[in-house]
Amino acid sequence: MYDVIVAGLGGMGSSAAYHLAGRGRRVLGLERHTPAHDRGSSHGESRIIRQAYFEDPAYVPLLLRAYELWERLEEETGEDLMTLCGGLMIGPREGALVSGSVASADEYGLPYEILDSSELKRRFPIFEPGPGTVALFEKKAGFVRPEVSVKAHLDRATSLGADLHFEEEVLSWEPTGYGVRVETALGTYEAERLVVSPGAWAPKLLSDLGLPLEVTRQILFWFRPEGGTEPFAPGKVPIWIYEPDDGNMFYSFPAIDGADTVKAAFFRADGKPTDPETIDREVHDKEIEFIRSYLARYVPSLDGDFLYAKTCMYTNTPDEHFVISTHPEYPQVSIAAGFSGHGYKFCSVVGEILADLATKCETPHPIDLFSPSRLAARG
Ligand SMILES: Cc1cc2nc3c(=O)[nH]c(=O)nc-3n(C[C@H](O)[C@H](O)[C@H](O)COP(=O)(O)OP(=O)(O)OC[C@H]3O[C@@H](n4cnc5c(N)ncnc54)[C@H](O)[C@@H]3O)c2cc1C
């Protein structure tokens, strides 16, 4: 008998297992793949982290706690997990990206600078911004390393006593009078509480909730910039998101760890509905050409040799806000799903929230925005 079973040990589940084990709970973690694998949503070297949050100011308190917890995990493990190299949110002043980032920064008193297009070009010569373009620069933005940090959460959870099983898929779960029963191909387990954090498999493992989730296929591209990566070194270029006139936001990172490649991807464009069991992992010429057309226009030197690409999945809710809650019918079950392509930076704090929900059925963190009932209300 365990106190808590965690189903899915990716970004969110590995963190939940760590926090629960840290509170002295007897934890069983079940993961269908290997540790820190590349078949879900938490791989590809880097994930943007930022505080001025255009999606909604309600995320800011969670971000502040997420930063503290990433730092704590770095201290505990000695690993380099988060790099604060600064961040640029670039686009029209009235666009969703810049205006939303400014609004959340103002509401929470976060420091930032606004650069007009000539100042942006002067300080960061890789860009070719149009005349109406502005940029919000935030010093405390940067990136988190997904594979290393999933591994860090898993390793710490194990050292704190968690029992983690890999390549053991959860086939089903059901409430019992006092707790939960979980079936895998290898056995049946019982616990008082269950945390379900299945990423792109949420439509399957949380099918009873009928959440309106759409899984999309996303691509990460690596290019070798023309003229080399020197102008793309951390310190010269921060992370950035660019909102062009057509709204197809795309983003990139500095050349990390001295690499001769730079990663770029679309944030909200070109994501095709998919299924984690049948996703097409091959990247096609027309997809490479599509991102190239944006790089060529706005960051011309990044439109160099294409080297390789990886596929990944978003699990989107209709309003692009997360689902984090106790199960509406079974309070002994907590759920974390629908991270809509912007969840990674929050893994550290989502694990803490899930540990609160699994142990107390409530959390002091502000999670009203993430209630599944708002999605049911949308019909
Ligand atoms: C291309 C791309 C770029 C992104 N960029 C950013 C970014 O810059 N910043 C940011 O904050 N976020 C970003 N995100 C989003 C972020 O990565 C995700 O929100 C986050 O990784 C989701 O974590 P998760 O735990 O829900 O999913 P995952 O990490 O995929 O974990 C789910 C786990 O559950 C396991 N599982 C599923 N079903 C079962 C089962 N039945 N039994 C056992 N195990 C099971 C899976 O194998 C998997 O390991 C990006 C996502 C993608 C795809």
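Heavy-atom basis, side chains included; hydrogens, waters and symmetry copies ignored. Whatever order the structure lists them in is the order used to number ligands and atoms, beginning at 1.
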Proximal ligand 1 atoms for [X], defined as those under 4.0 Å from one of its heavy atoms:
X	answer
Gly199	26 (O), 27 (O), 32 (C)
Tyr314	2 (C), 50 (C), 51 (C), 52 (C), 53 (C)
Gly40	30 (O)
Gly341	6 (C), 12 (N), 13 (C), 14 (N), 15 (C), 50 (C)
His33	47 (O)

Please verify the inter-ring angle class for [X] with [Y]; under 30° counts as parallel, over 60° as perpendicular, anything in between as tilted.
X	Y	result
Tyr59	Phe322	perpendicular
His342	Phe346	perpendicular
Phe143	Phe253	perpendicular
Phe223	Phe306	perpendicular

For [X], state whether at least one heavy atom is located under 4.0 Å from any atom of ligand 1.
X	result
Gly44	no
Tyr251	yes
His37	yes
Ala7	no

Exercise for the section: Please say whether Gln218 places an N or O atom under 3.5 Å from an N or O atom belonging to ligand 1. Expected result: no
Exercise for the section: Mark yes or no: Lys345 above the aromatic ring of Trp70, with NZ or CZ under 6.0 Å from the six-membered ring centre and no more than 45 degrees from the axis. Expected result: no
Practice task
Between Ser42, Ala336, Cys312, flag the one that comes closest to atom 23 (O) of ligand 1 by a heavy atom.
Solution key: Ser42
Completion exercise
Of all protein heavy atoms, the one nearest atom 37 (C) of ligand 1 is Pro198 O, 3.4 Å
